[in-house]
Amino acid sequence: MRLSLLLLLLLLLPGPPPAPGMEDAAFPHLGESSQPPPRACPLRCSCPRADTVDCNGLDLQVFPDNITRAAQHLSLQNNQLQELPYNELSRLSSLRTLNLHNNLISSEALGGPPVSAPLPPSCGSGCQPSDGDLPAYLWGEARAQLSNAGLPPDAFHGSEAVVILSLSSNRLSYVPPSLPPSLERLHLQNNLISKVPRGALSRQIHLRELYLQHNQLTDSGLDATTFSKLHHLEYLDLSHNRLASVPAGLPRTLAVLHLGRNRIRGVEAARLRGARGLRYLLLQHNQLGATGLPAGALRPLRGLHTLHLYGNGLDRVPLALPRRLRALVLPHNHVTTLGARDLAGTPGLAELNLAYNRLVSARVHRRAFRPLRALRSLDLAGNLLTRLPGGLPGGLHTLRLQRNQLRALEPEPLAGLDQLRELSLAHNRLRVGDIGPGTWHELQALQVLDLGHNELSFVPPDLPEALEELHLQGNRISHVGPEAFLSTPRLRALFLRANRLHMTSIAPDAFLGLLHLSVVDTAGNPEQVLVRLPPTTPRQPWAGSPRARRSPAV
């Protein structure tokens, strides 16, 4: 009897409420007869889950109250907060994610411990979001208008489990000291950083990605030890700074080094010997000129896959490049000549981009491309070529020659290109009479041919049978005869806009047999053109140019 009374009293006495979401599990019968009490949520905010509070874009001027202690994800971005109450933040012992992007928080407002309060024990597992449907921007975005004064030396004391930290788009003038040693990704882009103090990154031995682009770094702001302790670093972005040389002390684990948009005038092999694992080197829009990349400067990078050098004022292809290089990107330079051996040292190239240089046909050796047996994409657009280069590798898939000064096409340079799928010859000076017989004969795999903006007066005959997309816009075509497309039964898209076509310029049976044709673009001609498409069963949709417009069919 006493035991029964004791149990009854225990049931009647008030006790701690069950954990959110556990009411039905602990007391199944309650789920049938009553609803759980509503969760506490700050005024005007939304709380889609028990652990999430979203106060985004409410023009809040005061830190919201009534935030549940169970909150793990708090979004306060796009408000007008000017200060962060340390007591309120410290009360949120379960907080794992805090987003303060786009507020009015200044360093003066952070007189007490700012967002730098120690993260709670719940971060012991690494502070990764628990739900896959959480917006990506919520993780690691504790961004406000912070200066270094708002980040005291002990700012991150107790935050030993943080793996991602974003301090981008603030007003930091140097890399803060005492960053969490557990960091794997650090965002410091879009600041005013001109210096990385000695030892500032010495403890971040787990760091894999470091973003320092769009700052004010100079050579004097770095030293040989700045990156040398980062034994797991794989990605380093130093683009859009004021560096005059490649940084020293790069770790051998580095796979991607982005140095674009600096003021680099020279590359020394000694600076790269430590980064032997580098796969991608981006040096675009620097000031290398004719002498800034001497022969062999990149030889220590034996595993280099991709090299970007566009916009550097180079007057020739750099010599003695890494032999295993697969992609060489050199547009918008001053290259005028290609010798027989200039590319022989990189036989594994699959992509070569020499667009918008100053190449002339007389200075491109007939054997310049012959060593490149693995080449799949060749871009020679925007040069001064008057004829097709010879000795092109038979494995080419894409050849771009638009915006040159080509006046004639002969079969010989295209012979053996039986794997070519895309050929662009737009914006040249080609006439049908200057296209030699048999020019297209060996292009058995060609699917896309761009002859737009030339001087063609009619559709070139004997086009490749595999052709699916034909660009003839911007020419002088005034008539399309009944035999124009007899050799191209697989044609899906035809572009004839901005020619000299009239209402009856296209023969009624010009498209007879083109069962796959789904786009005919004849806009921009003197008169609206009537297009009679052949009956099909049923027509297959073609995912072609979004600019294409189908002409009215009769």
Let me see the working for Arg431 and Glu455 under salt bridge (Lys or Arg N to Asp or Glu O under 4.0 Å), right down to the final yes or no.
-> CA-CA 5 Å; Arg431 300 181 180 182; Glu455 300 175 12; 2.9 Å; yes
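- Partner of Leu188 under the side chain to side chain contact (heavy atoms under 4.5 Å, CB included) criterion, chosen from Leu172, Leu165, Asp237: Leu172.
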From CA spacing to verdict: side chain to side chain contact (heavy atoms under 4.5 Å, CB included), Arg185, Tyr235 = CA-CA 9 Å; Arg185 188 190 307 166; Tyr235 187 101; over 6 Å; no
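- In this structure, Leu201 CG and Lys229 NZ are separated by 12.0 Å, a value rounded to the nearest 0.5 Å.
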Which donor-acceptor pairs under 3.5 Å do the side chains of residues 242-260 make with protein atoms, sequence neighbours left out?
residue: Ser245; atom: OG; partner: Asp219; partner atom: OD2; Å: 2.9
residue: Thr253; atom: OG1; partner: Leu233; partner atom: N; Å: 3.3
residue: Thr253; atom: OG1; partner: Leu233; partner atom: O; Å: 2.7
residue: His258; atom: ND1; partner: Gly260; partner atom: N; Å: 3.3

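- Classification of the His305-Tyr280 ring pair by plane angle, with boundaries at 30° and 60°, yields tilted.
- Looking at heavy atoms from C-beta onward, Leu328 lies in side-chain contact with Val317 at the 4.5 angstrom threshold.
- Judged by distance alone, the side chain of Asn215 and the main-chain N or O of Asn191 form a donor-acceptor pair under 3.5 Å.
- To the nearest 0.5 Å, atoms CG (Leu399) and OG (Ser424) are separated by 8.5 Å.
- Annotation: side chain of Asp450 is in contact with side chain of Gln473 (closest heavy-atom distance under 4.5 Å).
- With Asn286 contributing its side chain and Leu288 its backbone, the two residues share no donor-acceptor pair below 3.5 Å.
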Check the pair His332, Tyr310 against ring-ring contact (aromatic ring centres under 6.0 Å, His included), reporting the backbone distance first and the verdict last.
-> CA-CA 6 Å; His332 295 282; Tyr310 49 87; 7.6 Å; no
I would like to know whether Glu209 and Leu183 meet side chain to side chain contact (heavy atoms under 4.5 Å, CB included); could you show each step before the answer?
-> CA-CA 9 Å; Glu209 301 175 24; Leu183 285 180; over 6 Å; no
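- Between the side chain of Asn262 and the backbone N or O of Leu238, at least one donor-acceptor pair lies under 3.5 Å.
- Shown here for Leu517 and Val520, the closest heavy-atom pair between the two residues is CD2-CG2, 3.5 Å.
- Judged purely by distance below 3.5 Å, without hydrogens or angles, the side chains of Glu234 and His232 never pair a donor atom with an acceptor atom.
- Remark: of the listed residues Leu372, Leu423, Leu375, Leu375 is the sole one forming a side chain to side chain contact (heavy atoms under 4.5 Å, CB included) with Leu396.
- Judged purely by atom type and a 3.5 angstrom limit, Asp418 has no side-chain atom pairing as donor or acceptor with the backbone of Gln444.
- The backbone N or O of Arg358 lies less than 3.5 Å from a partner atom in the side chain of Asn383, making a donor-acceptor pair.
- Around the CZ atom of Arg363, the shell of radius 6.0 Å holds no more than 12 heavy atoms that belong to other residues, nucleotides or ligands.
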Distance-only donor-acceptor hits, side chain of residues 333-341, under 3.5 Å, sequence neighbours excluded:
residue: Asn333; atom: OD1; partner: Asn312; partner atom: N; Å: 2.9
residue: Asn333; atom: OD1; partner: Gly313; partner atom: N; Å: 3.0
residue: Asn333; atom: OD1; partner: Leu314; partner atom: N; Å: 3.0
residue: Asn333; atom: ND2; partner: Leu309; partner atom: O; Å: 3.2
residue: Asn333; atom: ND2; partner: Leu330; partner atom: O; Å: 3.1
residue: Asn333; atom: ND2; partner: Pro331; partner atom: O; Å: 3.2

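- Leu343 contributes atom CG, which lies 9.0 Å from atom CG of Leu321 (distance to the nearest 0.5 angstrom).
- Without hydrogens or angle criteria, Arg279 side chain to Gly303 main chain gives a donor-acceptor distance under 3.5 Å.
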Check step by step if side chain to side chain contact (heavy atoms under 4.5 Å, CB included) holds for Leu467 and Trp440.
-> CA-CA 11 Å; Leu467 205 61; Trp440 318 109; over 6 Å; no
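- A donor-acceptor contact shorter than 3.5 Å is absent between the side chain of Asn190 and the backbone of His214.
- With values rounded to the nearest 0.5 angstrom, Leu420 atom CG is found 9.0 Å from Leu392 atom CG.
- Annotation: Arg271, atom CZ; neighbour count of heavy atoms from other residues, nucleotides and ligands within 6.0 Å is above 12.
- Taking all atoms of both residues into account, the shortest heavy-atom contact from Gly296 to Ala269 is O-CB, 4.2 Å.
- The residues Asp434 and Arg407 are annotated as not salt-bridged, no charged nitrogen and carboxylate oxygen being separated by less than 4.0 angstrom.
- A donor-acceptor pair is defined here as one N or O able to donate and one able to accept, closer than 3.5 Å; such a pair exists between the side chain of Asn353 and the backbone of Ala355.
- The structure places CD1 of Ile164 at 7.5 Å from CD of Glu184, a figure rounded to the nearest 0.5 Å.
- Here the CD atom belonging to Gln189 is positioned 4.5 Å from the OG atom belonging to Ser168, to the nearest 0.5 angstrom.
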Would Arg198 and Asp223 satisfy salt bridge (Lys or Arg N to Asp or Glu O under 4.0 Å), going step by step from the backbone distance to the final call?
-> CA-CA 8 Å; Arg198 192 175 184 88; Asp223 61 40; 3.2 Å; yes
In sequence, state the C-alpha distance, the side-chain angles, and the governing distance for Asn454 and Leu406, and then conclude on side chain to side chain contact (heavy atoms under 4.5 Å, CB included).
-> CA-CA 10 Å; Asn454 278 279; Leu406 300 177; over 6 Å; no
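- Side-chain atoms of Arg276 come within 3.5 Å of backbone N or O of Arg273 as a donor-acceptor pair.
- When all heavy atoms of Asp521 and Arg497 are compared, the pair lying nearest together is OD2-NE, 2.9 Å.
- Around CZ of Arg376, the count of heavy atoms belonging to other residues, nucleotides or ligands within 6.0 Å exceeds 12.
- Pro389 and Pro413 get closest at one heavy-atom pair: O-CB, 3.7 Å.
- Heavy-atom minimum distance, Pro176 versus Leu167: CG-CD1, 4.2 Å.
- Open room surrounds CD on Glu412; 12 or fewer heavy atoms of other groups in view lie less than 6.0 Å from it.
- Between the side chain of Asn428 and the backbone N or O of Gln405, at least one donor-acceptor pair lies under 3.5 Å.
- Glu422 CD: more than 12 foreign heavy atoms inside a 6.0 Å radius.
- In this structure, Leu207 and Leu210 approach most closely via the heavy-atom pair CD2-CB, 4.1 Å.
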